[in-house]
Amino acid sequence: MIPRLQRIALALALFCAAIPAFAATRAECASVKSKFLRQTVRYCVLLPASYDTDKQRRYPILYYLHGLFDNEQSALQNGVWNMIENLQQRGQVSEFITVTPNGGATFYVDARDGRQPYEQFFIREFLPAVEKKYRVQAGRGSRGITGISMGGYGALRLAFKYPQLFGSASGHSSAIFLKLPPNIRELTGARNDVLAPIYGSPYDEKFYDRNSPLALARANAARIRGMKIYFDCGTEDGYGFFAGTRALDQELTRLKVPHEAHLYPGAHDWTYFAEHLPASLKFHSKAFGGR
């Protein structure tokens with residue numbers, strides 16, 4: 001749900017400007033063959049500067065989930081990985097591996113009709129494949145998940161559903177609808193109803209509610225109390241996701257689940273994301289035991 005014309009926001013450009021030269025991170029893209037999805041799924045990974053020189057070292061890993069209409073290269077194209085590199089070079093965050101899989105328009109859930117079991121792919125195929133290929137520290141405390149918009153929704157719900165796997169979770173402008181809108185095409189600018197393949201046509205409201213981060217937080221409250229949780233949203237978010245953010249904040253508070261939640265001035269665009277992404281990156285770095 002992120003307009004493509006806003007990819008390189010001024011705030012992000014300013015953030016990345018005038019950085020002195022240091023050892024560079026390395027990005028590479030590859031794919032994982034999925035039996036669940038019956039296709040190959042692309043992903044990109046950002047390796048920290050010391051990855052190729054310190055061959056014995058293992059690193060925490062952060063899974064970054066992209067928004068609707070984006071793909072595995074969005075973090076590269078939008079400057080998010082430049083941001084991570086710069087924060088690491090400045091010593092403001094510790095070194096960790098960042099991975100972005102192509103999530104298509106799946107909302108990172110298993111579709112109601114069973115045709116797109118993306119969640120099963122992500123948990124049972126993607127995580128093991130990536131963590132076998134790269135030198136990743138063992139344990140949930142070294143594994144975090146984050147995302148923006150659709151990816152923020154996916155990150156929070158996956159973390160809340162699988163707290164045994166993730167020690168930290170965050171989301172920016174997470175796509176949490178309190179009630180699914182009937183005019184999703186007008187809301188997103190999509191040609192087709194992008195929610196129908198996932199949540200049914202007509203929408204299965206009960207299925208959507210069961211997959212909501214709010215419902216999963218209630219179901220697993222005792223298990224997520226030890227998780228580090230951060231999320232925020234702009235008060236001028238055009239999709240109304242500030243309401244879902246506020247509701248999740250209230251629900252976690254009621255459940256006595258420690259978390260950090262914020263509503264800031266701003267819209268659902270890259271200017272907002274560029275301003276607030278550093279906060280969650282620093283949040284995960286601290287959760288990994290770093291700065």
Check whether the ring centres of Phe96 and His284 lie less than 6.0 Å apart, and answer yes or no.
->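 No, the ring centres sit 6.0 Å or more apart.
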
Measure centre to centre between the rings of Phe160 and Phe166, then say whether the value is under 6.0 Å.
->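 Distance test on ring centres: not under 6.0 Å, no.
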
Going by distance alone, is a donor N or O of one side chain under 3.5 Å from an acceptor N or O of the other, for [X] and [Y]?
X      : Y      : answer
Thr25  : Glu85  : yes
Arg140 : Gln164 : no
Asp249 : His259 : yes
Ser34  : Glu125 : yes
Ser94  : Tyr59  : no
Asp113 : Tyr199 : no
Arg157 : Asn211 : yes
Glu119 : Tyr162 : yes
Asp232 : His276 : no

Donor-acceptor contact below 3.5 Å, side chain [X] vs main chain [Y]:
X      : Y      : result
Glu95  : Ser50  : yes
Arg225 : Leu255 : yes
Asn78  : Ser74  : yes
Asp110 : Gln120 : yes
Arg135 : Tyr51  : yes
Asp269 : Tyr272 : yes
Lys256 : Thr253 : no
Thr245 : Phe241 : yes

Measure the spacing between [atom1] of [X] and [atom2] of [Y] and express it to the nearest 0.5 Å.
X      : Y      : atom1 : atom2 : value
Ile176 : Tyr153 : CD1   : OH    : 8.5 Å
Ser170 : Ile229 : OG    : CD1   : 10.5 Å
Leu37  : Arg115 : CG    : CZ    : 14.0 Å
Leu62  : Ile84  : CG    : CD1   : 6.5 Å
Met83  : Gln92  : CE    : CD    : 11.0 Å

Side chain to side chain contact (heavy atoms under 4.5 Å, CB included) evaluation trace for Leu277 with Val80 = CA-CA 8 Å; Leu277 268 166; Val80 175; 3.9 Å; yes

Parallel, tilted or perpendicular: which describes the rings of [X] and [Y], with under 30° parallel and over 60° perpendicular?
X      : Y      : value
Phe177 : Tyr208 : tilted
Tyr43  : Tyr134 : perpendicular
Tyr264 : His262 : parallel

Test side chain to side chain contact (heavy atoms under 4.5 Å, CB included) applied to Val93 and Phe288, step by step = CA-CA 10 Å; Val93 301; Phe288 292 151; over 6 Å; no

Are Lys206 and Asp204 close enough, and set up right, to give a salt bridge (charged side-chain N to carboxylate O under 4.0 Å, His left out), and what steps lead you there?
-> CA-CA 6 Å; Lys206 292 183 178 180; Asp204 185 334; over 6 Å; no

For the residue pair [X] and [Y], what are the closest heavy atoms and their distance?
X      : Y      : value
Ala155 : Thr146 : CB-C, 3.6 Å
Ala75  : Thr100 : CB-OG1, 4.1 Å
Asn102 : Val41  : O-CG1, 3.5 Å
Ser173 : Asp237 : CB-OD2, 3.7 Å
Val257 : Ala221 : CG2-O, 3.9 Å
Met227 : Ala169 : SD-CB, 4.1 Å

Could you walk me through whether Tyr239 and His268 pass the ring-ring contact (aromatic ring centres under 6.0 Å, His included) check?
-> CA-CA 8 Å; Tyr239 302 109; His268 196 93; 4.7 Å; yes

Should Phe36 and Tyr118 be marked as a side chain to side chain contact (heavy atoms under 4.5 Å, CB included) after you check the CA-CA gap, both sets of side-chain angles, and the distance that decides it?
-> CA-CA 8 Å; Phe36 285 103; Tyr118 191 91; over 6 Å; no

Determine, using the 4.5 Å side-chain heavy-atom cutoff (strictly less than), whether Leu180 and Leu68 are members of one ILVMFWY cluster.
->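 Yes, Leu180 connects to Leu68 through the hydrophobic network.
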
Is a salt bridge present between Glu131 and Arg143, judged by a nitrogen-to-oxygen distance below 4.0 Å?
->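 Counted as a salt bridge, because a side-chain N and a carboxylate O are separated by less than 4.0 Å.
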
